[in-house]
Structures are given as structure tokens and as C-alpha cells.
Participant: 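Can you read through this structure? Questions will come right after.
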Amino acid sequence: MKRVVLFGPPGVGKGTQGGRLASVLGVPVISTGDLFRAHVANGTELGRRMSALIAAGDYVPDSVTNTMLAERLAENDARSGFLLDGYPRTADQVAELDRLLAVAGTALDAVMLLAASDDVLEERLLRRAAEQGRADDTPEVIRHRIALYHAETEPLVALYDAADLVLRVDGVGTTDEVHERLIGAIGQAEPSTLP
Ligand code: ADP
């Protein structure tokens, strides 16, 4: 398992779990949300143009997102594998990812779908809002991001189901519990538990 998409709604734990899972797999995490926030923090032209969209919880246009992702995937550390967090989110992005991997002569190994109810997601994001103060963690924007996920992104799971790539994992529980489920789902032992 070297080319993995971590899929799921905002607040389900993709950031936390993605980091741990990626270190087990020995691949870099590529989070489009983190890449966008770095652009905003660094005041790049992309960041300045997209900051209002991002703060409102709307999706950045596919042309911008796809270009940024293609550049990141072309970097050396991503050649032998990656864990994607927050990409793809639209049908256009699914197609672009397929195309990029085909050009590279590779393909996805798995799409891990983390799940939790909307109530749990909202509660977690509100808690994070108090801790981290992200611009898009206000109650209204949180509800909008969850609704946008259901409307635009969740239906894409069917495309990956058709390719038999989806591994479903319950995202409710402690960080360790969810991590163990993810590891179990990919059938890979923790390095520390190997003899
Ligand atoms: P979350 O999953 O909690 O909504 P992310 O950190 O993944 O947060 O993304 C933050 C924001 O960055 C999104 O609300 C959106 O504006 C933008 N973004 C991230 N990834 C994408 C993507 N693949 N396509 C379009 N916009 C994106």
C-alpha cells in the first residue's frame, strides 16, 4: 500500500490519522488543505486570490487545485508513494488524479473512507475551532463544509467502489482505536510490532 487516498468528511480525523498512517506506510502526506493554508500564510498570489473562498468553506476551482496537486505529486518524495488527504473532492479531480497516475505508470492502491455522523463531525470541528482558531471553523462555515462534502464529494465514493478500491473504517473512537482500525483495514503491521 503505497498510493492511498484518505477520504471522508471534514472533522472525521483525516489530518490526525493521515499523519500516523503515512508514517506506517513510509510515504509523505499530501494535504491540499494544508498546501492552501501555507499559500495563504505565505501571502502568495494563489493564497491571496483563494483566501476568501477557503475562509467561506467553498472549494477552490479545480483548475487551481489540480495544478497545485500535480506539482506536488511530481516532487521526488512522492514518486514512490503518497497519502492524499482532502484530494480528490470533485469528479474532475478524480479524473485528473487517474490521469496523472496513468502518465506515471502507477495507480491507486486503496481509498480509505473514514466515517462519522454529522453530529460528531460538527462537535469535533467546534472543539477544534476553540483550540486552533482556523478561519473556516465558525459554526456556519462548518455546517456549509459538511453539506458541501455530502453534495459534491461523498458521491465520488461510488466511482472508487466500482474499481473495488474502497476500504471503509469507522472514524468514531479514540485516536488510537481509529488508527488500529485503519492499520487493520490495510492489513499492514505496525513497524514496532514486527519481530
Ligand atoms: P476540511 O476537510 O476540514 O474541510 P481541509 O484542510 O481539507 O479541511 O481544506 C480546507 C479548505 O481548503 C477547503 O474548505 C477548501 O476551501 C480548500 N480545499 C482543500 N482541498 C481542496 C480540494 N481538493 N478541492 C478544492 N478545494 C480544496
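Counting starts at 1 for both ligands and their atoms, in listed order.
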Participant: Just list the N/O pairs, ligand 1 to protein, that are under 3.5 Å apart, with the distance for each.
Facilitator:
{"residue": "ligand 1", "atom": "3 (O)", "partner": "R145", "partner atom": "NH2", "Å": "2.7"}
{"residue": "ligand 1", "atom": "4 (O)", "partner": "R145", "partner atom": "NE", "Å": "3.1"}
{"residue": "ligand 1", "atom": "4 (O)", "partner": "R145", "partner atom": "NH2", "Å": "3.3"}
{"residue": "ligand 1", "atom": "6 (O)", "partner": "R37", "partner atom": "NH1", "Å": "2.8"}
{"residue": "ligand 1", "atom": "6 (O)", "partner": "R37", "partner atom": "NH2", "Å": "2.8"}
{"residue": "ligand 1", "atom": "7 (O)", "partner": "R89", "partner atom": "NH2", "Å": "2.4"}
{"residue": "ligand 1", "atom": "8 (O)", "partner": "R134", "partner atom": "NH2", "Å": "3.1"}
{"residue": "ligand 1", "atom": "9 (O)", "partner": "R89", "partner atom": "NH2", "Å": "3.3"}
{"residue": "ligand 1", "atom": "16 (O)", "partner": "D58", "partner atom": "O", "Å": "2.6"}
{"residue": "ligand 1", "atom": "20 (N)", "partner": "T32", "partner atom": "OG1", "Å": "2.7"}
{"residue": "ligand 1", "atom": "20 (N)", "partner": "G86", "partner atom": "O", "Å": "3.3"}
{"residue": "ligand 1", "atom": "20 (N)", "partner": "R89", "partner atom": "NE", "Å": "3.3"}
{"residue": "ligand 1", "atom": "20 (N)", "partner": "R89", "partner atom": "NH2", "Å": "3.4"}
{"residue": "ligand 1", "atom": "23 (N)", "partner": "G86", "partner atom": "O", "Å": "2.8"}
{"residue": "ligand 1", "atom": "23 (N)", "partner": "Q93", "partner atom": "OE1", "Å": "2.9"}
{"residue": "ligand 1", "atom": "24 (N)", "partner": "Q93", "partner atom": "NE2", "Å": "2.9"}
{"residue": "ligand 1", "atom": "26 (N)", "partner": "V60", "partner atom": "N", "Å": "3.1"}

Participant: Does any non-hydrogen side-chain atom of K14 lie less than 4.5 Å from one of V29?
Facilitator: no

Participant: Should we count CG of D164 as having more than 12 external heavy atoms under 6.0 Å?
Facilitator: no

Participant: Quick check: does any side chain N or O of Q17 sit under 3.5 Å from a backbone N or O of L182, one acting as donor and the other as acceptor?
Facilitator: no

Participant: Grouping I, L, V, M, F, W and Y whenever their side-chain heavy atoms are under 4.5 Å apart, do Y160 and L83 come out in a common cluster?
Facilitator: no

Participant: Taking atom CZ of R145 and atom CG of L121, what is their separation to the nearest 0.5 Å?
Facilitator: 10.0 Å

Participant: Among T32, T153, T90, T65, find the one that has a side chain to side chain donor-acceptor pair (under 3.5 Å) with Y59.
Facilitator: T153

